[in-house]
Amino acid sequence: MRKLYIAGNWKMNLVPSEAAKYAKELAAATKDAKVKIMIAPTAVCLPAVAEAVKGSKVIVAAQNVNDHEKGAYTGEISCAMLKDIGVTNVILGHSERRQYYGETNEFINKKVLFALANGMDIDLCVGETLEEREGGKLEKVLSDQINIGLDGVTPEQMAHVTIAYEPVWAIGTGKTATPEDANSAHAFIRGLIEKKFGKTVAENQIIQYGGSVKPSNVKELMACEHIDGALVGGASLTLDQFLPIINC
Ligand code: PGA
């Protein structure tokens with residue numbers, strides 16, 4: 001039985017004082033939640049948010065991490081720095097990083113391997129653009145993102161990997177994939193995981209859906225066989241919106 005996993009990607013929103021206040025409220029409001037909950041504030045908010053949710057059910061993730069231990073990498077953040085402030089999760093390969101910062105599957109794979117080797121749990125984002133979907137390239141794009149992104153990962157390490165299927169055309173646009181379309185992409189991804197890591201890993205694999213998830217559409221998405229949670233952007237920024245999604 002796969003446990004529902006609801007995550008909030010705050011992207012470049014909220015200043016540290018706002019983030020800490022909201023995180024504290026979220027931690028208090030989710031004391032009895034039955035689902036796994038994660039929030040990913042921007043790097044500068046991580047210490048305050050990690051402190052605010054200490055001892056609660058809320059897991060804190062970074063939105064990115066560097067693929068080296070330490071050294072001359074201006075502007076970057078290491079796994080050791082995250083772990084030192086109690087952050088053990090990281091989102092990798094988000095489409096905004098692929099689109100705006102040129103991250104390739106090969107580069108994302110380096111971070112995946114490094115983060116896992118350093119004991120972190122990762123949330124690997126995959127998903128196609130509208131052009132790719134309409135051009136019949138959905139399966140090729142997802143196969144490359146999964147096969148290259150997870151190259152060299154062991155079946156044992158997959159217990160520390162969550163996959164988030166986020167069709168790029170649905171992110172921040174208000175357009176959601178239909179539950180049928182999302183479920184069929186998730187089923188395809190589960191098939192790729194089975195081919196690469198075997199049946200047991202595939203059956204246990206948590207695959208979140210992301211892209212304009214909100215209180216009004218979360219139930220029908222989560223009811224789909226292969227959808228095991230959500231990675232929420234815009235609607236994770238306020239308790240009013242995020243709590244009904246968690247309690248869906
Ligand atoms: P959205 O973002 O919910 O605002 O569409 C989702 C994401 O990018 O993770």
Side-chain angles (χ1 to χ4, degrees), residues 2 4-5 7 9 64 90-113 115-116 121-155 157-213 217-218 220-233:
R2 299 187 293 268
L4 209 61
Y5 183 11
N9 175 9
N64 189 23
V90 63
I91 296 176
L92 292 173
H94 191 279
S95 65
E96 285 149 17
R97 298 217 55 88
R98 294 177 190 262
Q99 256 185 310
Y100 307 141
Y101 305 104
E103 294 198 3
T104 61
N105 288 325
E106 288 75 10
F107 180 54
I108 292 160
N109 176 245
K110 285 191 190 170
K111 301 200 219 191
V112 164
L113 294 176
L116 288 172
D121 281 15
I122 67 161
D123 208 322
L124 174 66
C125 301
V126 299
E128 81 289 359
T129 62
L130 191 57
E131 205 182 358
E132 288 163 344
R133 174 171 275 260
E134 289 176 344
K137 297 198 185 117
L138 173 64
E139 296 196 347
K140 163 91 176 103
V141 170
L142 293 180
S143 301
D144 286 352
Q145 289 173 336
I146 294 287
N147 288 325
I148 302 171
L150 295 175
D151 189 31
V153 174
T154 66
Q157 285 178 318
M158 286 303 288
H160 301 281
V161 176
T162 297
I163 292 169
Y165 169 63
E166 301 201 305
V168 179
W169 48 272
I171 294 177
T173 58
K175 285 187 203 143
T176 325
T178 62
E180 295 72 31
D181 280 349
N183 192 51
S184 95
H186 282 229
F188 179 73
I189 291 168
R190 202 176 299 288
L192 294 171
I193 298 294
E194 181 169 345
K195 250 184 240 151
K196 208 168 163 54
F197 300 103
K199 205 172 165 55
T200 311
V201 171
E203 276 169 0
N204 292 327
Q205 183 63 53
I206 301 295
I207 308 175
Q208 298 168 321
Y209 170 78
S212 298
V213 173
N217 61 21
V218 67
E220 53 175 0
L221 286 162
M222 296 308 118
C224 296
E225 183 188 351
H226 291 287
I227 303 184
D228 312 310
L231 181 54
V232 188

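Not measured: the values here are computed from a predicted model.
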**OP:** Could you tell me whether the side chain of Glu96 reaches within less than 4.5 Å of the side chain of Ile171, counting heavy atoms only?
**Re:** yes

Subject >> Flag, side chain of Gln205 to backbone of Val161, donor-acceptor distance under 3.5 Å >> reply: yes

Subject >> Spatial distance of atom CH2 (Trp169) from atom CD (Glu128) [nearest 0.5 Å] >> reply: 6.5 Å

Original post:
Which heavy atom in Gly127 sits nearest to a heavy atom in Gln145, and how many Å separate them?
Top reply: N-OE1, 2.8 Å

Original post:
Between Leu138 and Phe188, is a side-chain contact (heavy atoms from CB on, under 4.5 Å) present by the stated rule, with each step listed?
Top reply: CA-CA 10 Å; Leu138 173 64; Phe188 179 73; over 6 Å; no

**OP:** Supply the atom-to-atom distance Asn204 CG to Ile206 CD1, rounded to the nearest 0.5 angstrom.
**Re:** 8.0 Å

**OP:** Verify whether one side chain among Asn183 and His226 offers a donor that lies under 3.5 Å from an acceptor in the other.
**Re:** no

Subject >> Main-chain N/O of Thr162 paired to Tyr5 side chain as donor or acceptor, under 3.5 Å >> reply: no

Original post:
Rounded to the nearest 0.5 Å, how far does CG of Leu113 lie from CD1 of Ile108?
Top reply: 12.0 Å

Original post:
Angle class for the Tyr165/His186 ring planes (parallel below 30°, perpendicular above 60°, tilted otherwise)?
Top reply: perpendicular

Original post:
Going through the checks in order, is the side-chain contact (heavy atoms from CB on, under 4.5 Å) test met by Thr129 and Lys137?
Top reply: CA-CA 9 Å; Thr129 62; Lys137 297 198 185 117; over 6 Å; no

Subject >> Flag, side chain of Arg190 to backbone of Ile207, donor-acceptor distance under 3.5 Å >> reply: no

**OP:** Compare all side-chain heavy atoms of Glu220 with those of Ile227 and state whether any distance is below 4.5 angstrom.
**Re:** no

Subject >> Contact summary for Leu221 and Pro179, nearest pair of heavy atoms >> reply: CD2-CA, 4.1 Å

Original post:
If you look at every heavy atom in Tyr209 and Ala177, which pair is closest and at what distance?
Top reply: OH-N, 3.1 Å

**OP:** Return yes when atom CD of Glu106 has more than 12 non-hydrogen atoms of other residues, nucleotides or ligands closer than 6.0 Å, and no otherwise.
**Re:** yes

**OP:** Look at the side chain of Ser212 and the backbone N and O of Ala170, then say whether any donor-acceptor pair between them is shorter than 3.5 Å.
**Re:** yes

Subject >> Value rounded to 0.5 Å, distance of NZ in Lys175 from CG in Leu130 >> reply: 6.5 Å

**OP:** Provide the closest heavy-atom pair for Leu92 versus Ala115 in the form atom of the first, atom of the second, distance.
**Re:** CD1-CB, 4.4 Å

Original post:
Any donor and acceptor pair, going by atom type alone, linking the side chain of Asn109 with main-chain N or O of Asp151 inside 3.5 Å?
Top reply: yes

Original post:
Are any of the side-chain heavy atoms of Arg133 and Asp181 separated by less than 4.5 Å?
Top reply: yes

**OP:** Enter the distance from Ile91:CD1 to Asn9:CG here, rounded to the nearest 0.5 Å.
**Re:** 4.0 Å

Subject >> Any donor-acceptor N/O pair, Asn147 side chain to Lys196 backbone, under 3.5 Å >> reply: no

Subject >> Pairwise distance NZ(Lys199) to CD1(Ile193) - rounded to 0.5 angstrom >> reply: 14.5 Å

Original post:
Do you see a donor-acceptor pair shorter than 3.5 Å between the side chains of Lys111 and Asn64?
Top reply: yes

**OP:** Locate the shortest heavy-atom distance separating Ala164 from Leu231; write the atom from each residue and the value.
**Re:** CB-CD2, 3.8 Å

Original post:
Closest approach of Glu166 and Cys125, non-hydrogen atoms and distance?
Top reply: OE1-SG, 4.0 Å

**OP:** Verify the neighbour count for atom NZ of Lys110: are there more than 12 heavy atoms of other residues, nucleotides or ligands below 6.0 Å?
**Re:** no

